[in-house]
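Take a look at the structure set out below.
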Amino acid sequence: MEKKVRVRFAPSPTGPLHIGGVRTALYNYLFARHHGGVFILRIEDTDQKRLVPGAEEYIIESLYWLGLQYDEGPDMGGDYGPYRQSERRQLYLEYAQQLIDRGHAYYAFDTPEELEQMRTALKERGVQSPKYDASVRKQMRNSLTLPSSEVEAMIEAGVPYVVRLKVMPGEEIAFDDVVRGRVVFQSDSLDDKVLVKADGMPTYHLANVVDDHLMGITHVIRGEEWLSSTPHHVLLYRSFGWADAMPLFVHLPLILKPSGKGKLSKRDGVVGGFPVFPIAWREGESYYEGYREVGFLPEGLNNFLAFLGWNPGDEREIFTIEELAEAFSLERVQVSGARFDYHKALWFNQQHIARSPIERLVKLVKPFVEDRHGPVEEEWLARVVDLMRERMQTLRDLAVQASYFFVEDYPIDEIELRKRWSAEARDWIEQVIRIVERVESFEAEKLAAEVKSWMREAGIKAGRILPLLRLAWTGTLKGPDLWATAELLGKERCLKRLHRFLRFTVERQTASKD
RNA sequence: GGCCCGUUCGUCUAUCGGUUAGGACACCGGGUUUUCAUCCCGGAAAGAGGGGUUCGAUUCCCCUACGGGCUGCCA
């Protein structure tokens, strides 16, 4: 019997969830669901200095919007809590003490200035990578060099200290990463990592290992940026005597900038004009739109993100979250980083919009429309959505591109109008007004038939008159089928707009003659 | 600089020693459409370089080049 899968997403509340973090959460979620396992949210708030108010709530709301429901977490509890590291502080200190007692860790009293001196001194002597390790710890001020009485006295007196991991030189540390295979490090290249900081909080390394062990985590699925500190974690598992129950490590490839140079950052979104956060984030004067605000469906984002570093092995592309969970496997996770491509994200979203039931789209599109154009009836919106859906990449597109369905003061593309206008145009429009007035049941097909037969008799080419009608009715040359649009607008409105169009063009002509 | 990881069309990727190297996005051309979008058809487009191993390498190994990550009392 295999051990039940337990995975965790462990963000630190130092700001909004970044798109790379979202993908990590997604992979954890998919893996847990695929195996009928448990998905845990753990808040890694051990850095008190970088804590950002609201960040934890932001993370929780984001996961909720994305549909990545966790089974255990700070806001819902669970059998392995608390799920906020700041609330587990005492626990870490006890485990750190255990390490000290067993000689795997020690106290260090060096000040930041002394550390800086040590590093520059080593650099001057030509040391490649200056670090606090076996070769220098004998020259530093720590419980390995100081007499125990003095150490005790300093601690008693409240002299700030940290606890460091004692890395033994000359060892080989290897582990089998699920996506990368065997990775080997020499302990000589590792430093004596700080385990407990001077403020009494653990560092990521200690807290992470203690929690993963205590919470029964079976697979540590995280970004590649953690690969280099994994040997330290392995050492910790060994030092605690947990080596046999060590979780499997899964280091995910990074999401790169569109240029491919470096990992995606907040700045890239600003520069490239796309969101890098799942939902909106406010930071002082700055406001960052999220995927939710620009009109993404959560399944559109999830689908896109899932494919950034993973594929099902066949040629299917469009997946619901349930289908993703069904198909997901760590074996098919890519090894190298993937560039972020907003075009592709939009395409995935468009595909999901095309597959969504109208009723759902109406509910989702409504706030976008109302935000821009005021209250709107769902019945009416449903008809607009039905007509517009296949040209929507985002939920917001409809509100922006089809304002003429909601207001009368939609803009008219004057550049196109000037190009399309001709001497006969006025007369044509008047003819169309007469036809529209005459059509008793105002339906797309009937209207089209009437107008077209008149066009045929009068010998008018479609390309000369139809764009004008479209401009009159919608103000733009882009949009759904002209006759369907007219039917939806209704006879009254079509007539009103044709008359207004004539007045408008008269004004334009007089204006241009002056 | 050091340590670690990586390298197939412009981009995301399939291929688990033998394929005309497949798909998708983007792009180009054509069809449908009054238009834009959708949709359909077609096109151009790839194994970083060099050594091995092998009857045979995109696939396995090594080197080089290039790219990325880490190098904090941040995660």
Side-chain angles (χ1 to χ4, degrees), chain A residues 10-14 21 44-47 49-50 108 110-112 115 119 123 126-132 160-164 177 179-181 183-186 188-191 193-205 207-208 222-231 251 253-254 256 258 260-263 304 307-318 331-332 334-341 343-348 350 354 388-393 397 401 416 420 448 455 461-471 474 476-483:
Chain A
S12 76
T14 51
E44 310 231 330
D45 56 347
T46 54
D47 187 348
K49 291 185 286 290
R50 295 203 311 154
D110 317 278
T111 63
L115 291 174
R119 277 189 265 263
K123 209 143 216 171
V127 175
Q128 307 276 36
S129 47
K131 58 187 185 301
Y132 205 118
Y161 65 88
V162 300
V163 176
R164 282 182 183 272
D177 186 277
V179 329
R180 279 147 227 277
V183 182
V184 183
F185 289 81
Q186 300 303 322
D188 297 57
S189 70
L190 271 33
D191 64 341
K193 277 261 176 301
V194 169
L195 263 19
V196 178
K197 300 181 270 189
D199 66 359
M201 285 299 261
T203 56
Y204 170 86
H205 309 289
N208 174 264
R222 65 204 342 177
E224 193 196 328
E225 66 266 32
W226 295 109
L227 191 59
S228 323
S229 45
T230 304
H251 288 97
L254 265 14
L256 275 18
K261 302 232 173 282
K263 54 178 175 175
F304 165 65
F307 272 70
L308 227 45
W310 172 87
N311 73 81
D314 52 40
E315 286 175 357
R316 289 176 297 162
E317 299 244 57
I318 306 304
E331 286 64 40
R332 298 206 64 90
Q334 204 68 20
V335 193
S336 48
R339 293 193 200 191
F340 180 87
D341 180 0
H343 272 291
K344 194 89 175 231
L346 286 170
W347 179 78
F348 272 109
Q350 180 185 58
M388 285 292 295
R389 67 182 316 174
E390 64 191 19
R391 64 200 64 232
M392 292 166 60
Q393 286 195 301
D397 282 347
Q401 294 167 7
E416 284 297 341
R420 309 278 170 170
M455 279 160 50
K461 287 225 169 64
R464 300 202 61 200
I465 171 78
L466 266 21
L468 288 173
L469 289 182
R470 182 178 286 283
L471 281 171
T474 71
T476 169
L477 248 31
K478 301 173 186 176
D481 179 75
L482 181 61
W483 313 110

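Letters A, B, ... mirror the listed sequences (proteins, then strands); counts begin at 1.
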Q | Base-contact (B) and sugar-phosphate-only (S) positions in nucleotides 35-42 of chain B, heavy-atom cut-off under 4.0 Å, - elsewhere | A | BBBS----
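Remark: A/K49 is not in phosphate contact with B/G72, judged by side-chain N or O atoms under 4.0 Å from OP1 or OP2. The shortest distance between the side-chain N/O atoms of A/S12 and the OP1/OP2 oxygens of B/C74 is not below 4.0 Å. Considering only side-chain N and O atoms, A/R464 lies nowhere under 4.0 angstrom from the phosphate OP1 or OP2 of B/U34. Phosphate contact (OP1/OP2 of B/A14, side-chain N/O of A/Q334, threshold under 4.0 Å): present. Residue A/K197 places at least one side-chain N or O under 4.0 Å from the OP1 or OP2 atom of B/C74. Put simply, A/N311 has a side-chain N or O that comes within less than 4.0 Å of OP1 or OP2 on B/A14.
Each of A/V179 and A/E225 was matched to the nucleotide of RNA chain B holding its nearest heavy atom; the match closer to the 5' end belongs to A/V179.
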What pairs of nitrogen or oxygen atoms, one from the protein and one from nucleotides 29-31 of chain B, lie under 3.5 Å apart?
none

Can you tabulate the close N/O pairs, meaning under 3.5 Å, that link protein atoms to atoms of nucleotides 63-68 of chain B?
none

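Contact annotation: the side chain of A/E224 never approaches that of A/D177 to less than 4.5 Å [non-hydrogen atoms, C-beta and beyond].
Closest approach to the A/D341 side chain among B/C70, B/C12, B/U11 is made by B/U11 (side chain taken as heavy atoms from C-beta onward). Taking only side-chain atoms of A/V335, from C-beta outward, the nucleotide of B/C73, B/A24, B/C5 with the closest atom is B/C5. For A/R164, whose side chain is taken as the heavy atoms from C-beta onward, the closest listed nucleotide among B/G23, B/G2, B/C73 is B/C73. Comparing atom distances between the A/F185 side chain and each of B/C3, B/C74, B/A14 picks out B/C3 as nearest. In this structure, the nucleotide among B/U11, B/U13, B/C73 sitting nearest to the side chain of A/A338 is B/U13.
Separating the CG atom of A/L190 from the P atom of B/G72 is a distance of 12 Å, rounded to the nearest angstrom.
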(Q) Between A/R50 and A/D47, does the salt bridge (Lys or Arg N to Asp or Glu O under 4.0 Å) criterion hold? Intermediate values first, please. (A) CA-CA 6 Å; A/R50 295 203 311 154; A/D47 187 348; 3.2 Å; yes
